[in-house]
Amino acid sequence: MRDGVGRLLGARARLRWVHQILGGALLMPYFLLASVGVGSAAGGANALSSLPLSLAAYAAALPLAAVTGVYGLVRPLSVTAVRVMCGVPGERLAEGPARSWAARGRASAWWTLHLGVGALVSGMTLAVPPMAVVLIVLPFVGGLREVRLGFGWFNTGVETYTAPLLGIGLLAALALCAAGAGALLARLAPVLLGPTAADRLAAAEERAADLAVRNRLARELHDAVGHALSAVTLQAAAARRMLERDPDFVREALTAIEDTTRRTVGELDAVLGLLREGDPARPDGATAPAPTLAVDLDGLLARSRAAGTAITADQDPGPVGDWSRLPEITSREAYRIVQEGLSNALRHGAGPVDLRIRVRAGHDTGQRELEITMTNPPAPPGEREPRTGGGRGLRGAAERAALLGGGVEAGPYGDRWRLRAVLPLAGGDR
């Protein structure tokens with residue numbers, strides 16, 4: 001019993017009732033416009049004074065509402081109202097304006113249904129309660145018994161016993177109709193206002209773009225901050241070991257630590273600028289430029305050597321002539337790949353690092369490629385962190401290369417560890 005009353009008069013049922021009354025109010029401009037047309041067609045009659053003409057105006061108003069329901073912004077307005085007032089979960093409803101004609105047609109059908117059902121429930125809500133009150137108090141107000149209310153069985157004495165029951169029945173029927181119509185609209189809302197295949201595709205593309213941005217930020221943070229921490233840790237350890245024996249080396253290591261941390265703060269600012277869409281602290285909204293192979297490679301090698309590891313670098317721009325003539329995006333991603341390779345070599349390897357960067361023609365396509373090869377012997381067991389071959393940094397390097405149509409290979413190579421990356425150059429800048 002309590003559950004039944006809750007479904008008819010509970011908070012959700014009341015909100016759905018208000019939602020239907022709102023639909024009736026929204027239909028009113030269409031109804032008034034249609035009543036003018038119907039009245040003119042009926043010889044200038046007043047359509048509001050005749051029930052048949054009023055029903056005809058109501059029927060003519062629905063197609064007018066359907067036409068305006070095709071407007072794209074109708075769907076987000078309807079979705080907001082349904083989510084708040086009908087208790088339909090938001091994930092079952094579409095987001096944003098309807099763009100495809102299929103989505104517009106479904107939104108128009110919902111708009112017409114909501115306004116049409118709402119108008120009927122609104123009319124009942126206006127008419128039934130006063131009538132029900134009159135019937136309920138009829139046996140107790142003598143003056144009402146003398147009024148002819150249009151029912152043939154009145155003034156026969158029967159109304160004294162049946163009128164209150166009829167009035168209560170009318171109120172119950174009104175609540176039942178409103179609750180039923182609200183439940184029907186709530187059930188049809190996901191069907192007519194739910195996401196279409198195009199909406200799901202757009203949402204998937206948006207999620208993919210967001211994930212790509214997050215992965216990019218994760219790569220930038222890992223490569224910039226991770227390499228800096230590894231280099232600073234090794235530089236500080238080398239300086240501590242040489243503190244008494246080689247003050248010049250210690251001075252050089254401390255200078256490298258200062259330079260590494262300063263540059264890393266700048267790179268971190270650039271990454272955070274991506275999150276802020278421009279640094280508000282700077283008048284032009286710009287962020288620090290990302291490091292590139294052309295500008296920052298020598299500094300990267302110098303800071304890495306300051307950790308005490310010998311690094312030999314063989315650079316051969318080949319037909320490009322100079323690293324500054326590389327496409328900017330290729331130069332950026334190549335720098336990060338070299339940075340990740342050096343970070344791994346410092347953390348996991350021992351002995352000298354051999355780095356070779358060259359531009360060559362691909363064996364299969366003849367297309368120009370930037371090839372990065374880095375080898376170094378592995379550290380003895382227990383001396384450095386063991387290599388796993390599947391860290392975040394190597395995955396990030398592979399993702400960077402894949403964005404340019406290239407690839408990365410990393411793993412044992414004879415008695416050494418090798419990182420090899422190939423980046424095509426035909427894609428140009430972007």
Side-chain angles (χ1 to χ4, degrees), residues 7-38 48 54-55 57-126 174-175 177-207 209-210:
R7 291 182 180 180
L8 291 178
L9 300 175
R12 177 171 294 181
R14 294 197 301 270
L15 276 176
R16 290 177 175 176
W17 199 336
V18 173
H19 180 250
Q20 295 166 68
I21 293 176
L22 177 62
L26 291 173
L27 185 69
M28 187 58 65
Y30 304 100
F31 175 76
L32 293 177
L33 180 61
S35 65
V36 173
V38 170
L48 301 180
S54 295
L55 293 177
Y58 167 78
L62 295 181
L64 297 177
V67 171
T68 59
V70 178
Y71 185 57
L73 291 179
V74 166
R75 188 174 73 173
L77 294 175
S78 300
V79 165
T80 301
V82 167
R83 183 184 293 116
V84 174
M85 307 183 76
C86 292
V88 178
E91 62 271 12
R92 300 182 62 189
L93 303 172
E95 296 289 344
R99 294 181 174 86
S100 67
W101 283 109
R104 290 172 184 260
R106 290 165 59 184
S108 175
W110 166 263
W111 181 253
T112 306
L113 179 65
H114 175 210
L115 270 58
V117 172
L120 295 178
V121 174
S122 297
M124 294 171 60
T125 303
L126 289 174
L174 173 61
C177 289
L184 175 65
L185 290 175
R187 176 164 300 200
L188 291 177
V191 177
L192 299 177
L193 297 178
T196 63
D199 294 324
R200 293 188 181 95
L201 179 59
E205 291 176 347
E206 183 178 353
R207 287 193 298 270
D210 179 66

May I have all residue pairs that pass side chain to side chain donor-acceptor pair (under 3.5 Å) and include part of residues 67-80, sequence neighbours excluded?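 For residues 67-80: Tyr30-Thr68, Arg75-Asp199.
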Looking at residues at least two apart in the chain, or sitting in another chain, which of them share a side chain to side chain donor-acceptor pair (under 3.5 Å) with Thr125?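 Per chain and number, Thr125 pairs via side chain to side chain donor-acceptor pair (under 3.5 Å) with Trp17.
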Residues in side chain to side chain donor-acceptor pair (under 3.5 Å) contact with Trp111, at least two apart in sequence or another chain: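 If we apply the side chain to side chain donor-acceptor pair (under 3.5 Å) test to Trp111, skipping adjacent residues, there are no hits.
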For [X], enumerate each residue passing the side chain to side chain contact (heavy atoms under 4.5 Å, CB included) test, keeping only those at least two apart in sequence or located in another chain.
X: Leu48; value: Phe31, Ser35, Asn46
X: Ala181; value: Gln20, Val117, Val121
X: Val67; value: none
X: Pro29; value: none

Could you give the distance from [atom1] ([X]) to [atom2] ([Y]), rounded to the nearest 0.5 Å?
X: Leu22; Y: Leu115; atom1: CG; atom2: CG; answer: 8.0 Å
X: Leu184; Y: Leu188; atom1: CG; atom2: CG; answer: 4.5 Å
X: Arg187; Y: Leu192; atom1: CZ; atom2: CG; answer: 13.5 Å

Answer yes or no: is there a donor N or O on one side and an acceptor on the other, between the side chain of Thr112 and the main chain of Ser108, under 3.5 Å?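 Side chain of Thr112 to backbone of Ser108, a donor-acceptor pair under 3.5 Å: yes, one is there.
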Donor-acceptor check, side chain of His114 to backbone of His19, threshold 3.5 angstrom: yes or no?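 Here the side-chain-to-backbone pair exists.
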Is any side-chain heavy atom of Val70 less than 4.5 Å from a side-chain heavy atom of Trp101?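 When only atoms from C-beta onward are counted, Trp101 and Val70 do touch, with a gap below 4.5 Å.
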Write down the atom of [X], the atom of [Y], and the distance for their closest heavy-atom approach.
X: Arg12; Y: Cys86; value: CD-O, 4.5 Å
X: Met85; Y: Val18; value: CE-CG1, 3.5 Å
X: Arg106; Y: Gly194; value: NH2-O, 3.2 Å
X: Ala57; Y: Ala34; value: O-CB, 3.3 Å
X: Gly96; Y: Pro76; value: O-CD, 3.8 Å

Let me know which of Val74, Val79, Leu185 forms a side-chain contact (heavy atoms from CB on, under 4.5 Å) with Trp110.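 For Trp110, the side-chain contact (heavy atoms from CB on, under 4.5 Å) check succeeds only for Leu185.
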Qualifying residues under salt bridge (Lys or Arg N to Asp or Glu O under 4.0 Å), relative to Arg16, sequence neighbours excluded: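 Salt bridge (Lys or Arg N to Asp or Glu O under 4.0 Å) list for Arg16, sorted by chain: empty.
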Salt bridge (Lys or Arg N to Asp or Glu O under 4.0 Å) against Arg83, all qualifying residues, sequence neighbours excluded: Glu95
Using a 3.5 Å cut-off and no angle test, enumerate the donor-acceptor pairs between side-chain atoms of residues 58-66 and protein atoms at least two apart in sequence or in another chain.
unit_1: Tyr58; atom_1: OH; unit_2: Gly116; atom_2: O; d: 2.9

Enumerate the residue pairs fulfilling salt bridge (charged side-chain N to carboxylate O under 4.0 Å, His left out) with a member in residues 21-33, sequence neighbours excluded, ordered by first and then second residue.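 Found none.
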